[in-house]
Amino acid sequence: TPKHTPKPSPKPSPKPSPKPSPKPSPKPSPKPSPKPSPKPSPKPSPKSTKSSKQIINVDSLKQIAHQKGTNPGGTFKDSITGKTWYIKKPKSEDMARNEVLALNLYKEVGIAVPDVIVISPCPSNLGGNFCIASEIVEGLEHNKTKLINGNIKGIYEGFMMDAWLANWDVVGFVFDNMLIKNGLAYRIDVGGAIRYRAKGDLKNEYFSDTVPEIDRMRKGTYTDKQGKKHPEPAAAVFGAMTDKDLELSARKVISFTDKKIDELLSEFGPKDGQDRKSLSDKLKKRRDYIKIRFPANYANDIKKLEKAMNK
C-alpha cells in the first residue's frame, strides 16, 4: 500500500509586526507671559536732590572733614554712590543760585570747574533749606609756584571770564581757589563772583557796567603788617599776561550772545524777575565793554557799541 506523503504543516502566518506607538506630539512651548509694564520710577523724596547728572540723598551723607572758607560747610561722603562732596551753606538761596550761575557761565565756554548742585534741604548738621554741593575732583594739586609761572592751561584763557564776572577771589588769598590737575587749572570756588562777595554781602555799585577788574586783577597790591607791598594773589597769577593773551581770553566773553545769557539766567539766575532782568542788562553791558576794549575781536561793532554806551 502506498505510503501517504504527509502534508507539510502549514507555516504559521507571520504575526503582524506591532505598529510603533505614535510618538507623542511635542507640547507647544508655553508662550512667554508678557512682561509687566515697568513701574514708573519713584519720585525722589523731598530729601533727595536730582539733576541731569547727579542725585544726592542727604540722609546718605556722612561728614568726613570740617569747614573750609567763610561759609558753614564741610566735606561729605555719600554712602550710596561713594562720591565725595564739599557742601556749604550760603546766607540765602539767592546767593546759592548766584554761585551756580557763575559756574555754568564758566562751563559754557570750557573753563574747568567742578559739578555743582543746589540741594534742599541741607544736611541736618548744617541746617537750613539751601546748600551748594560741589563734587570733589580727585587729584587736584595746590601749587602757588605753578600758578604764578603762568604755564598752566586755563589760567590765562579764563581770565577775562573772571574779570567779566567780577570774580575777585578767583585765586584765593593762599592760592587755594585755583588748583591744578593734569596740567589744567580748575576754578574750584566762585562764591565771590557776580553779585555777591565771598562772605555773602552784595557788591552793589562795585559790580558796575564797566569792567575795571581787567586792570585791577592784574595790578592790585596789598600792604602787609610790616608796611611792605605785595601783589594781590590775582595780580601775581595774571600780571604777566600780554595784550595777545588778553585778546584771546576776551573771545570767550564776547562769544556770549544776548540769547545765551538770558537762557542761563532763566535757569540759574535770580528768582525775582526784576533782579534777573537787572543782572541780564548788566552782564550784557559788561560784555559790550570788553568788546570795545578789545576791538580786534569785533571791529565791526565798535561804533555801534560806543554810541550805545555814551547814551
Side-chain angles (χ1 to χ4, degrees), residues 38-108 111-140 142 165 167 169 172 176-179 181 186-202 263-272 275-276:
K39 291 181 183 175
S41 305
K43 290 181 181 177
S45 67
K47 288 195 173 183
S48 294
T49 298
K50 184 175 180 182
S51 79
S52 59
K53 291 187 178 179
Q54 307 284 0
I55 296 177
I56 298 178
N57 186 321
V58 295
D59 289 334
S60 67
L61 295 172
K62 181 180 179 182
Q63 187 166 355
I64 58 174
H66 297 297
Q67 173 180 335
K68 300 174 183 177
T70 54
N71 293 292
T75 304
F76 291 77
K77 185 161 187 177
D78 189 323
S79 60
I80 295 175
T81 65
K83 291 186 175 180
T84 309
W85 301 83
Y86 186 80
I87 299 177
K88 65 181 180 181
K89 183 174 75 172
K91 287 186 175 179
S92 66
E93 181 188 4
D94 191 55
M95 187 179 179
R97 292 180 67 85
N98 182 80
E99 181 165 347
V100 174
L101 170 63
L103 284 158
N104 279 278
L105 287 163
Y106 277 112
K107 274 188 177 181
E108 185 66 28
I111 302 299
V113 291
D115 282 333
V116 170
I117 304 172
V118 175
I119 64 172
S120 177
C122 300
S124 56
N125 55 330
L126 291 180
N129 288 326
F130 295 96
C131 279
I132 299 173
S134 306
E135 187 174 358
I136 300 291
V137 180
E138 300 294 343
L140 289 172
H142 178 195
L165 301 178
N167 190 7
D169 200 31
D176 59 342
N177 284 348
M178 189 183 287
L179 303 180
K181 181 177 181 180
Y186 279 75
R187 287 154 169 82
I188 64 161
D189 186 346
V190 300
I194 314 183
R195 299 164 66 221
Y196 283 90
R197 296 174 182 268
K199 291 185 178 179
D201 299 323
L202 283 165
E263 282 176 359
L264 290 167
L265 277 165
S266 176
E267 186 171 357
F268 304 108
K271 282 191 168 179
D272 179 83
D275 286 345
R276 191 165 59 249

Closest heavy-atom pair and its distance - Ala96, Ile132: CA-CD1, 3.6 Å
Minimum side-chain heavy-atom gap Lys88-Glu99 below 4.5 Å: yes
Check: Asn129 main-chain N/O paired with Ser120 side-chain donor or acceptor under 3.5 Å: yes
Val58 vs Ile87 side-chain heavy atoms within contact, under 4.5 Å: no
Carboxylate-amine/guanidinium proximity below 4.0 Å for Lys107 and Asp115: yes
Sub-4.5 Å side-chain heavy-atom contact between Pro270 and Leu265: yes
Any donor-acceptor N/O pair, Ser79 side chain to Ser60 backbone, under 3.5 Å: yes
Non-hydrogen atoms of Leu101 and Gly269 that approach each other most closely: CD2-CA, 4.2 Å
N/O donor-acceptor pair under 3.5 Å between Lys89 side chain and Leu126 backbone: yes
Pairwise side-chain contact, Gln63 with Asn125, heavy-atom cut-off 4.5 Å (strictly under): yes
Side chain proximity check, Leu103 to Arg187, heavy atoms < 4.5 angstrom: no
Atom pair CZ/NZ of Arg276 and Lys271 - distance to nearest 0.5 Å: 10.5 Å
Separation between CG of Asp59 and CG of Asn57, rounded to the nearest 0.5 Å: 5.0 Å
Charged N-O contact under 4.0 Å between Asp189 and Lys68: no
Between CG on residue Leu105 and CG on residue Leu165, distance to nearest 0.5 Å: 5.5 Å
Min side-chain heavy-atom separation Pro123-Ile119 under 4.5 Å: yes
Flag, side chain of Asn98 to backbone of Ala193, donor-acceptor distance under 3.5 Å: yes
Lys181, NZ atom: more than 12 neighbouring heavy atoms under 6.0 Å: yes
Side-chain (Arg97) to main-chain (Glu267) donor-acceptor, under 3.5 angstrom: yes
Close side-chain approach of Gln67 and Tyr86, heavy atoms under 4.5 Å: yes
Straight-line distance of Asn177 CG to His142 NE2, nearest 0.5 Å: 9.0 Å
Where Asp78 and Ile80 come nearest, the two heavy atoms and their spacing: OD1-N, 2.8 Å
Euclidean distance, Cys131 SG relative to Trp85 CH2, rounded to 0.5 Å: 13.0 Å
Flag side-chain contact, heavy atom, 4.5 Å: Leu202 against Tyr196: yes
Heavy-atom pair of closest approach, residues Asn71 and Pro90: OD1-CA, 4.0 Å
Separation between CD of Glu263 and CG of Asn104, rounded to the nearest 0.5 Å: 12.5 Å
Shortest non-hydrogen contact from Tyr186 toward Val113: CD2-N, 4.3 Å
